[in-house]
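Chain letters run A, B, ... following the sequence lines, proteins first, then strands; residues in each count from 1. Both backbone and side-chain heavy atoms feed into the values below; hydrogens, waters and symmetry mates do not.
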Protein chains: 2
Amino acid sequence: MPKTLPDFDLEHYLPYRFTVLAARLSAELAKSYKNDFGISMPEWRVLLNVGYSENPSIRDIERRVSLEKSKVSRAAAKLEAKGFITKQTDNSDRRLLKLALTKQGAELLSALIPIARSFQAQLDEILGAHEGELQHALDLLTEKLDD
Amino acid sequence: MPKTLPDFDLEHYLPYRFTVLAARLSAELAKSYKNDFGISMPEWRVLLNVGYSENPSIRDIERRVSLEKSKVSRAAAKLEAKGFITKQTDNSDRRLLKLALTKQGAELLSALIPIARSFQAQLDEILGAHEGELQHALDLLTEKLDD
DNA sequence: TTGACTTCGTTGCATATGAAACAAATAGTG
DNA sequence: CACTATTTGTTTCATATGCAACGAAGTCAA
């Protein structure tokens, strides 16, 4: 390690920490979703949004989930091909799509949610009383980044 | 939103929050690193590790940074091609590589570090007194995931 | 109405990625 | 020693990704 390098505290560098943590947390879930349900991470995220929003458009999801619109578009196409969602053009603005869950999509989501919840419960347990502060700190960062 | 779906609090679902935050935080940095220095995110992470560890191997970096070994291998190959690091086989175990910064690599890193630091400083400012708790919560999660 | 401009979703293309296969080196076992 | 198993880094291959370009729809102003 050359003496000429400036000091740097990698262990507390937040972009790095978030990236590593996000990758690890998602890894297990992604594997389970892929293997057990044949669904990718972007598809899961889109499915979730279709389930818990009122007929969102591709753009709505893009904004809410911070997913590239091409990614959303492709995920939606796959979900439609698998029969989990429907795409319908919005009559008040025919550029927009209205995405909706099919019955099968609702069933899939109902099967996936408990997995996500139990995972969250594990995290809650690890964090204990610190969870509130963590969520608050995340709120602060998210808020600033929205500007 | 069909009534049949179970409740789910997406806003506080940590895997989701971390993923979104990590993507957003990295996005700006990645763009700057790419445009101004022609270096990708994996390359930056590898460079950082080569700079701040003692001749790490590909495997060392893989473990430390939670990067796929093929990703590390490719990033290292590119950094070598650009003249920022050297690869040298370890004589005590000839399967291993010993990565090291070149002079140019050290210069590049010295230019990149201040950018990372000022970014971190901005985050510190946003978080204020909450930063300590955030780092602690991240410690807790990281610790458990290492098992 | 026309024509310039914007927005939305899709797609083409070059690159990035993950998983598995691989060769080389080492470790372990009889 | 010989033989198998494991580890390390690279590479192959199919897929995923990001970005720019595109057509279609809508907006706006003259």
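- Judged as a salt bridge (Lys or Arg N to Asp or Glu O under 4.0 Å), and not counting sequence neighbours, E68(A) has no contacts.
- The cluster map of Ile, Leu, Val, Met, Phe, Trp and Tyr, joined by side-chain heavy atoms under 4.5 Å apart, puts L25(A) and Y33(A) in the same cluster.
- Listed for the K144(A) side chain is no donor-acceptor partner under 3.5 Å among the backbone atoms of L127(B).
- Looking at heavy-atom distances under 4.0 Å, K78(A) makes contact with sugar-phosphate atoms alone, never a base.
- Heavy-atom neighbours of D7(A) CG from other residues, nucleotides or ligands within 6.0 Å: at or below the threshold of 12.
- Criterion: ILVMFWY side-chain heavy atoms under 4.5 Å apart, direct or through other members. Under it, Y16(A) and L134(B) are part of a common hydrophobic cluster.
- Across L99(A), N49(A), I58(A), a single residue satisfies side-chain contact (heavy atoms from CB on, under 4.5 Å) together with V72(A), and that is I58(A).
- Within 6.0 Å of CD in E107(B) there are more than 12 heavy atoms belonging to other residues, nucleotides or ligands.
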| task | Begin from the C-alpha positions of R17(A) and D139(B) and carry the test salt bridge (charged side-chain N to carboxylate O under 4.0 Å, His left out) through to its verdict. | result | CA-CA 9 Å; R17(A) 298 206 80 178; D139(B) 288 341; 2.8 Å; yes

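- Each of E68(A) and E43(A) was matched to the nucleotide of DNA chain D holding its nearest heavy atom; the match closer to the 5' end belongs to E43(A).
- Along DNA chain D, read 5' to 3', the first and last nucleotides having any atom under 4.0 Å from a heavy atom of chain A are dA16(D) to dG26(D).
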What pairs of nitrogen or oxygen atoms, one from the protein and one from nucleotides 7-14 of chain C, lie under 3.5 Å apart?
from, atom 1, to, atom 2, distance (Å)
dT7(C), O4', R95(A), NH1, 3.4
dT7(C), O2, R95(A), NH1, 3.3
dC8(C), OP1, R59(A), NE, 3.1
dC8(C), OP1, R59(A), NH1, 2.7
dC8(C), O3', R95(A), O, 3.4
dG9(C), OP1, I58(A), N, 3.3
dG9(C), OP1, L97(A), N, 3.1
dG9(C), OP2, R59(A), N, 2.6
dG9(C), N7, K69(A), NZ, 2.9
dG9(C), O6, K69(A), NZ, 3.2
dT10(C), OP1, K87(A), NZ, 2.8
dT10(C), OP2, S73(A), OG, 2.4
dT10(C), O5', S73(A), OG, 3.3
dG12(C), O6, R74(A), NH1, 3.3
dG12(C), O6, R74(A), NH2, 3.4

